[in-house]
Number of protein chains: 2
Amino acid sequence: MSPPPITSVTRQLSRRSVFEALLHRSPISRADLAKVTSLSKQTMSEVIDAFEQQGLVRPVGRTRGNVGRTAVLYELSPEGGHVLGIDLGAQRLTVALADIAGRVLAEADEATDGRGGGWALDQIARLSDRLARDNHTHPSRIRSIVMATPGVVNPRSGAIELAPNITGLDHLNVVGLLGEKLGSPVVLENDINLALLGEIWHGCARNVDNVAFLALGSGVGLGLHVNGRLVRGENGAAGEIGYLPIGGDPLQAESRPQGCLEYQIGATGVVRRYREAGGRDVETERQVFDRAQAGDAVAASVVEETARLTALAAATVIATVDPQLLVLGGSVGARADFADKVARLLLQLSPRPVEIRTSILGRRAGVVGALSVALRRLHDEFFGVAELAATLPLPPPARRGASQ
Amino acid sequence: MSPPPITSVTRQLSRRSVFEALLHRSPISRADLAKVTSLSKQTMSEVIDAFEQQGLVRPVGRTRGNVGRTAVLYELSPEGGHVLGIDLGAQRLTVALADIAGRVLAEADEATDGRGGGWALDQIARLSDRLARDNHTHPSRIRSIVMATPGVVNPRSGAIELAPNITGLDHLNVVGLLGEKLGSPVVLENDINLALLGEIWHGCARNVDNVAFLALGSGVGLGLHVNGRLVRGENGAAGEIGYLPIGGDPLQAESRPQGCLEYQIGATGVVRRYREAGGRDVETERQVFDRAQAGDAVAASVVEETARLTALAAATVIATVDPQLLVLGGSVGARADFADKVARLLLQLSPRPVEIRTSILGRRAGVVGALSVALRRLHDEFFGVAELAATLPLPPPARRGASQ
DNA sequence: TTCTTTTCGTTCGGTCTCTTGACGAATTAA
DNA sequence: TTAATTCGTCAAGAGACCGAACGAAAAGAA
């Protein structure tokens, strides 16, 4: 429940590998843990004793059926710590709760409070509290919270810099306010990035290291996962492919605020193009897609052009970062018919074929990704090793006249 | 000279941090090392004794002028190990030698043996051997070799998959053959990636974490450095921006083999466009750029268009990965007049301005980057800690019906 | 039912590494 | 020549690891 006391680096490394083994192979006995981690039985008993005393681990029965003495089996206890994932969308607010072992305990969602700003934050606090209590978890037991939000999140300050879809959120200190309301540290991350991480953890991109996630819905966005990490960009603006110079003249004044590509294939762009081509009586991009499927020729050509531009964007991403897998997501991108069109066009555009899948988590992707990051942070808080800097920094160039 | 014997993890961590301090602050006394690393004087003496016995470290005089007893100063000894960097270009072959402290001891270059293949490898071996002997280093002391090569290097096998510019290289087992000739393990890496790392280590991007390197010369290519690591891509094909759908119809048959963008702004593309516009008597893209500067209006418009397409490619990269710094390199890209044009155009294309610099290492960038990787590998061989995996892997989704 | 075999988990002794404190050695400042 | 200061070693003790030995507990065989 509280982070394990740090003693020596050696012991911390042992704890860490015991925890890792518990994560992936519980329930498991101390004897097996010792084999898996190649620590001695002695050390193992010490570590497990400490874990049990902290409430991180609990015994669950004994082995049966094997020759020899039975062994006590242990698993990670739900009391060990909880994490909360939040997806704050323009339409829907989703919240999910998981324990330290990554078991998803509960999810809940509501329509987002349309008044935005502080009201939305209050709503989040209410919903989170209810979720915790319904699962017999005191909210104070939650040790790590991650929230998905549309717009750009500054990777250094963690603040929202541009949230076009939710009113009055970009001038609030969301991290501070929400942290206070919920009583635990809150971290924000872009919703598309988290949807990508969701698909990597529980979705269609499980265990793939090198993934691009192209989201097409009300807007267009990209998430990149490379070398096992998210690509955030210096300002958190990586993946803002609405600004790609595709689908029109990037210098044209009308399209500059949203970006050239978004102007064409964002929801309002699709509707606008349908109207310009003579289509009538539409409000949402969804109607255009539905009509195309129902045989409306004008709608079909708008959809075709949307798919063409999406394929160009995908080809751009593929040429730039060479992913192993391209995931199509978002309310439009995940439509099977649309994804097929894009895949077909892409075959002609890209020198080497790339596997394409559609999101299987759909609207849940963001909240699942938020959980995965919250979980990572909790694990790092408990079992991180400070000394574990990646690589040694190289020395700077020799100063002129320095000693040989 | 040989890797330090591994004993306990704790001791390896101590050695590692002592070495890091030596890298950045030598010459330095044991007393100061103890302060910097926050190890005890006792431990420090033990570690330094061991280092000295291995030949990794040597005493260089004593402190002077301070109150109290003088201290023995130590520095990393050049005998501690050497690394070799190689840049195999279509025109020139460059080789450089450095010691374990990152001091560049010597460089040499020659015109590449035009017969390619095995001849080029022999030439590399000859030049490397000479470089080592001229610096009183027996070639067997070299413990790590990295070579820059044009084309795509498979990140898993380390083999060259596509080397259009050097004949007969893509069907050779370069890693194996060269490793045998030189007597040390050889690692290959794409030349643009290494030029980028060169600029990050010794060039215009020193200590910047988030860098895009756009190279324009005979071809066009991109290197990306994100989260402190190179972006290689699943097949080593990240940065192959010749295939970006910019500057023409990407489906057009004529441009498909090299890629749409490369067809326009690669060297042959520039020359072709100049001829198509009525220009005469040119062989190389360099002449076109020189004539533009000399006042040739046709050449100027070709250059202008080249700059425009380059700026579009840059805007694409910026929207996708949001780098802190964009470096322009390659024989064309590094020209100040050309870089200025690109920077001006980019201001109008990109929603947020990004700093632009031109390569300052020029042709040396590749070999310097090769040295930096070779050095990193040597350091990791000596002072890596296996237990230091980045983060704990998350558990997979719960199987249906698994124990609660 | 009893004995044998196998495995679990604890106890004990020994090793490695790190730290602290004490102390002699070496140097500057008074 | 003495005092102050810093360096570097020595010795003692603590934390963490491992392997060996051993009792405990279960399954299987007689």
Side-chain angles (χ1 to χ4, degrees), chain A residues 4-19 21-22 25-53 57-75 383 385-387, chain B residues 4-19 21-22 25-53 57-75 383 385-387:
Chain A
I6 24 164
T7 50
S8 78
V9 177
T10 326
R11 188 37 80 90
Q12 182 73 351
L13 282 169
S14 299
R15 272 198 288 259
R16 183 187 166 91
S17 64
V18 173
F19 178 75
L22 281 165
R25 331 174 96 101
S26 86
I28 184 173
S29 69
R30 278 170 291 178
D32 282 349
L33 277 172
K35 283 175 204 149
V36 168
T37 59
S38 51
L39 292 166
S40 68
K41 291 196 285 179
Q42 165 62 13
T43 305
M44 190 54 58
S45 285
E46 286 175 30
V47 171
I48 290 288
D49 272 11
F51 277 5
E52 200 174 349
Q53 218 134 40
V57 130
R58 66 181 180 194
V60 275
R62 312 183 68 98
T63 53
R64 299 170 45 107
N66 300 325
V67 216
R69 179 176 172 177
T70 57
V72 179
L73 294 172
Y74 291 88
E75 67 171 14
F383 302 105
V385 181
E387 283 76 1
Chain B
I6 26 165
T7 51
S8 79
V9 177
T10 328
R11 188 37 79 88
Q12 182 74 350
L13 282 170
S14 298
R15 271 198 288 259
R16 184 186 165 89
S17 64
V18 173
F19 178 74
L22 280 165
R25 309 171 182 252
S26 82
I28 184 173
S29 69
R30 277 170 291 178
D32 282 348
L33 277 172
K35 283 176 205 148
V36 168
T37 59
S38 52
L39 291 167
S40 67
K41 291 193 289 178
Q42 169 64 16
T43 305
M44 191 53 59
S45 284
E46 286 174 32
V47 171
I48 290 289
D49 272 11
F51 278 4
E52 200 173 348
Q53 218 135 40
V57 130
R58 65 181 180 193
V60 276
R62 313 181 69 98
T63 54
R64 298 168 44 105
N66 301 324
V67 211
R69 180 176 168 177
T70 56
V72 179
L73 294 172
Y74 291 88
E75 68 170 11
F383 302 105
V385 182
E387 282 76 1

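What you see is a predicted model, and the numbers here were worked out from it, not measured in a lab. Numbered from 1 within each chain, the chains take letters A, B, ... in sequence-line order.
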The reported gap from OG1 in Thr10(A) to CZ in Arg15(A) (rounded to nearest 0.5 angstrom) is 10.5 Å

The reported gap from CE in Met44(A) to OG in Ser17(A) (rounded to nearest 0.5 angstrom) is 6.5 Å

For the helix from dT1(C)-dA30(D) to dA30(C)-dT1(D), what is the angle between the axes at its two ends, each from 5 pairs, rounded to 10°?
-> 10°

Please give, in whole Å, the distance from dG9(C) P to Glu52(A) CD?
-> 12 Å

At what distance, to the nearest 0.5 angstrom, does CD1 of Ile48(B) lie from CG of Leu22(B)?
-> 5.0 Å

Go through the structure and list residues passing side-chain hydrogen bond (donor to acceptor under 3.5 Å, both in side chains) with Ser40(B), not counting sequence neighbours.
-> Thr43(B)

Set of salt bridge (Lys or Arg N to Asp or Glu O under 4.0 Å) partners for Glu52(A), sequence neighbours left out = none

Residues in salt bridge (Lys or Arg N to Asp or Glu O under 4.0 Å) with Lys35(B), at least two apart?
-> Asp32(B)

Salt bridge (Lys or Arg N to Asp or Glu O under 4.0 Å) filter on Arg11(A), not counting sequence neighbours, yields Glu46(A)

How would you list, by chain and number, every residue that makes a side-chain hydrogen bond (donor to acceptor under 3.5 Å, both in side chains) with Thr70(A), sequence neighbours excluded?
-> Arg62(A)

Contacted region of DNA chain D by chain B, from 5' end to 3' end of the hits, cut-off under 4.0 Å to heavy atoms, spans dT5(D) to dC10(D)

What is the distance from atom OG1 of Thr37(B) to atom CG of Leu13(B), rounded to the nearest 0.5 Å?
-> 12.0 Å

Return the set of residues passing side-chain hydrogen bond (donor to acceptor under 3.5 Å, both in side chains) with Arg30(B) (not counting sequence neighbours), or none when no residue passes.
-> none

So what does Thr63(B) hit on the nucleic acid, given a heavy-atom distance under 4.0 Å: a base, only sugar-phosphate, or nothing?
-> nothing

Using side-chain hydrogen bond (donor to acceptor under 3.5 Å, both in side chains) as the criterion, list what pairs up with Ser29(B), not counting sequence neighbours.
-> none

Would you say dC16(C) has OP1 or OP2 under 4.0 Å from some side-chain N or O of Thr10(B)?
-> no

Can you check whether Arg30(A) has a side-chain N or O nearer than 4.0 Å to OP1 or OP2 of dT10(C)?
-> yes

Residues forming a ring-ring contact (aromatic ring centres under 6.0 Å, His included) with Phe51(A), sequence neighbours excluded = Phe383(A)

Using atom names, set out every protein N or O paired with an N or O of nucleotides 2-7 of chain C below 3.5 Å, distance rounded to 0.1 Å.
residue: dT7(C); atom: O2; partner: Arg69(A); partner atom: N; Å: 3.2

Rounded to the nearest 0.5 Å, the CG atom of Leu33(B) sits from the OG atom of Ser45(B) at a distance of 10.0 Å

Using a cut-off of strictly less than 4.0 Å between a heavy atom of the residue and any atom of DNA chain C, enumerate the qualifying residues of residues 38-47 of chain A by number.
-> Lys41(A), Gln42(A), Ser45(A)

